[in-house]
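What follows is one structure encoded as structure tokens, with my remarks underneath.
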There are 2 protein chains.
Amino acid sequence: MLAEIAHDFYVGSNRFKNEKILKHLNVTSTMKKSITIKDIAKKLNVSTATVSRALRNSSEISKETKLAVIKIAKEMHYHPNLLARSLIKKSSKVLGVVVPTINRQFWSNSISGIESVAYKKGYKVMIFQSAESYQKEVEIVEILANSMVDGILIAFSKETQNYDHIEDLKERGIPVLLFERVCDSIPISKVTTDDFLGAKRIVNHLIERGKKRIAFIGGPLSLTVCMDRFLGYKSSLVENGIPFDQNLVIELSEFTTELSVIAFKNLWSSGESPDAVFCFADILALGVLAASKELGIKVPEDLAIAGFGNDDITKYVSPSITTMSQPSFEIGQLAAKLILKEINFEEKDEFEYKTEIVKPDLIVREST
Amino acid sequence: MLAEIAHDFYVGSNRFKNEKILKHLNVTSTMKKSITIKDIAKKLNVSTATVSRALRNSSEISKETKLAVIKIAKEMHYHPNLLARSLIKKSSKVLGVVVPTINRQFWSNSISGIESVAYKKGYKVMIFQSAESYQKEVEIVEILANSMVDGILIAFSKETQNYDHIEDLKERGIPVLLFERVCDSIPISKVTTDDFLGAKRIVNHLIERGKKRIAFIGGPLSLTVCMDRFLGYKSSLVENGIPFDQNLVIELSEFTTELSVIAFKNLWSSGESPDAVFCFADILALGVLAASKELGIKVPEDLAIAGFGNDDITKYVSPSITTMSQPSFEIGQLAAKLILKEINFEEKDEFEYKTEIVKPDLIVREST
DNA sequence: TTGTATGCGTTATCAC
DNA sequence: GTGATAACGCATACAA
């Protein structure tokens, strides 16, 4: 049988394109076929079952055969095919992660947190960027689901308003967890920051320091994160009897220094100069600092940043700054732990979805 | 046959742990089994082969059956199993990436570049962090190789001195590409920055501005990146007739602001005060700025940074700065393109390894 | 144009 | 303890 003979020479990879040659059994081919348990079995005159068991250190295999198998396996440079194992085990030991973008500290930190936990538990991580596109997000989710990942962690894109793709995953029985950019309507595990509280605290703090005209420079309010912070900001003002002034509120479509530079300049030149600024993310804070420098005005004495609190960026920039620290790495860790628990739950009853809300810390750095 | 009957109820996932119940054919189970081409075939009274071909839009299938198959597939919520396909095709359409750490701009930018190119070509990306550990790097490479990834991109950990794991991959016929943190000894595709030239240029620039005592604050010289920059630095001094002073050279074990703060302070207080600083990465530059502030001295008028050139971080910090821009995103893109070419090469002859050396740009920002 | 049979590499089931 | 053999879900050579 051709197939039978060919097997001994077939390289087993589309990397080697000379299939025609192989079909003609051109033995001069230098390609190597990959070693399988079948090969080991043949060499030892045992069954593949025995080899499989021996390699997995099953208790029902005699020590001698075990050793023999392992010895030959090493000699032949055997490597188990994880895909084949996944197929039969119905678990790939892979977590899928979807974030808006990977090259922004907050998200890469989260991923790092996810990866660190996953790796310890023997899981791999597959990463995708939605690039803030709903379309792409849906596409990615489909790929992940079809790849038999054991669980999917998602931070929604800015565009995402429809959650059918998530419902779909649930229907297919695939564990999903939303983190940071979430939605309310779906009963599902979530990990978020308590942005409302964080914003409130930070604005309270500014007010305590005697500030009255506190500007708000934030991202698109369509994102729950941003909206929550906005509400926290407003709530603090109300509770402290400070009139809310729409002119002090700036909603940016993107998180870029450029935009915040423009925003702050406009704010300032409009005669509405604030005495403090509450802004999202250090990236925006840098913009504010830059703009104030450029305008030749003193850097706002009280600048509050609600970001992930990467001190490295802001620490040496402004002497007096208050940060609402969003522990992105920890959020990632928490998210991974939670979904792994869901994946490996042992209960007989329905899994209970949990929403973990991380309370951001307030880091106050006084000018010296 | 039990197995036969069970199939209709078997959910097909270890996510559902109630296997005992299933074995007893407890039909009350709410779990859904996943739909396969077999199910579609049964429903339509055709063979699985036909379904398979129809779904893949094969030209040898009549339009009617195609449409019928697709219709039923949708109705039954069929989703192809990518793992099974990979097993047969011997290609998972996945690229593996190993970086020292993901939550550092340079690496996350690179990954972003890789991911963006890969995604466009229908490839997924699997990411791992070696955490600068050789041990972990080897472990990861083994996992990736056994997962049938189509190619592996690696940036070595700081510890990595032995390259057997890479040789191993080559032996197994798995395309590998080294980027940024590479080694010379292996004939293999590589993408690096021309750090020697970059450093030389940047130091030349400082010298042109009249600087004579140029400090060097860099990472561990065991890394080729760092060594190359050091050599470039030295080369520039020599060519410009400026004596090399070992006291002005500081080798840090890690890239942290803290360490560079200490380094700069020591440098300054030792009476060896430089008139310019050439330092790696903006993260170190921030340290230098912080230290100079703290010491109450003027920020070095000429601070040169050899980093990935994330302007956001340094732009608003120092008015006068020179950056050796390391286009990390582009390096990632280039790396992905290169390995994809290797994976999909059509030639019959041996693939030719290519070393792409990205020339860093010099970005000079004058104080206004 | 479609069906049959076989295989991808592994593990699970049931014999012995 | 070990061996046959059937899965896993899909794709393809060969037949019809």
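Order of the sequence lines sets the chain letters (A, B, ...), proteins ahead of strands, with each chain counted from 1.
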With distance as the sole test, does B:Asn146 use its side chain to make a donor-acceptor pair with the main-chain N or O of A:Leu82 at under 3.5 Å?
-> no

B:Ser58 side chain to B:Ile61 backbone, donor-acceptor under 3.5 Å = no

The side-chain hydrogen bond (donor to acceptor under 3.5 Å, both in side chains) partners of A:Lys43 (sequence neighbours excluded) come to none

Protein-nucleotide distance ([X], atom [atom1]; [N], atom [atom2]), rounded to Å:
X        : N      : atom1 : atom2 : result
B:Leu55  : D:dG9  : CG    : C1'   : 12 Å
B:Asn57  : C:dT2  : CG    : P     : 13 Å
B:Ile40  : D:dC10 : CD1   : P     : 8 Å
B:Leu82  : D:dA11 : CG    : C1'   : 14 Å
A:Ile37  : C:dA12 : CD1   : P     : 11 Å
A:Lys38  : D:dA6  : NZ    : C1'   : 13 Å
B:Leu87  : C:dG7  : CG    : C1'   : 9 Å
A:Met148 : D:dG9  : CE    : C1'   : 9 Å

Residue-phosphate contact under 4.0 Å: [X] side-chain N/O, [N] OP1/OP2:
X       : N      : result
B:Lys90 : C:dG9  : yes
B:Arg56 : D:dT12 : yes
B:Arg85 : D:dC10 : no

The ring pair (Phe, Tyr, Trp, His ring centres under 6.0 Å) partners of B:Phe156 (sequence neighbours excluded) come to B:Tyr163

Could you pull out all residues at least two apart from B:Tyr123 that satisfy ring pair (Phe, Tyr, Trp, His ring centres under 6.0 Å)?
-> none

A:Ser157-A:Thr160 side chain donor-acceptor pair, cut-off 3.5 Å = yes

Counting heavy atoms from C-beta on, name the nucleotide in [options] closest to the side chain of [X].
X       : options               : result
A:Ile61 : D:dT2, C:dT11, C:dC8  : D:dT2
A:Ile88 : D:dA7, D:dA13, D:dC10 : D:dA7
B:Ser62 : C:dG9, C:dT1, D:dT12  : C:dT1

Separation of A:Leu95 CG from A:Ile343 CD1 (nearest 0.5 Å) = 5.0 Å

Assign each of B:Glu60 and B:Asn81 the nucleotide of DNA chain D bearing its closest heavy atom; nearer the 5' end lies the nucleotide of B:Asn81

With side chains defined as the heavy atoms from C-beta onward, is the minimum distance between [X] and [Y] less than 4.5 Å?
X        : Y        : value
A:Ser91  : A:Met148 : no
B:His79  : A:Asp168 : yes
B:Glu115 : A:Ile102 : no

Could you please spell out the steps behind the side-chain contact (heavy atoms from CB on, under 4.5 Å) verdict for B:Met126 and A:Val125?
-> CA-CA 6 Å; B:Met126 209 167 223; A:Val125 173; over 6 Å; no

Quick one, which residues of residues 44-51 of chain B touch DNA chain C with a heavy atom under 4.0 Å?
-> B:Asn45, B:Val46, B:Ser47, B:Ala49, B:Thr50

Near DNA chain C, which residues from residues 63-80 of chain A have a heavy atom under 4.0 Å away?
-> A:Tyr78, A:His79, A:Pro80

Less than 4.0 Å between a side-chain N and a carboxylate O, is that true for A:Glu142 and A:Lys136?
-> no

Bend across the helix from C:dT1-D:dA16 to C:dC16-D:dG1, to 10°, with axes taken over 5 pairs at each end?
-> 40°

Describe the nucleic acid contact of B:Arg53 in one word from base, sugar-phosphate, nothing, applying a heavy-atom distance below 4.0 Å.
-> base

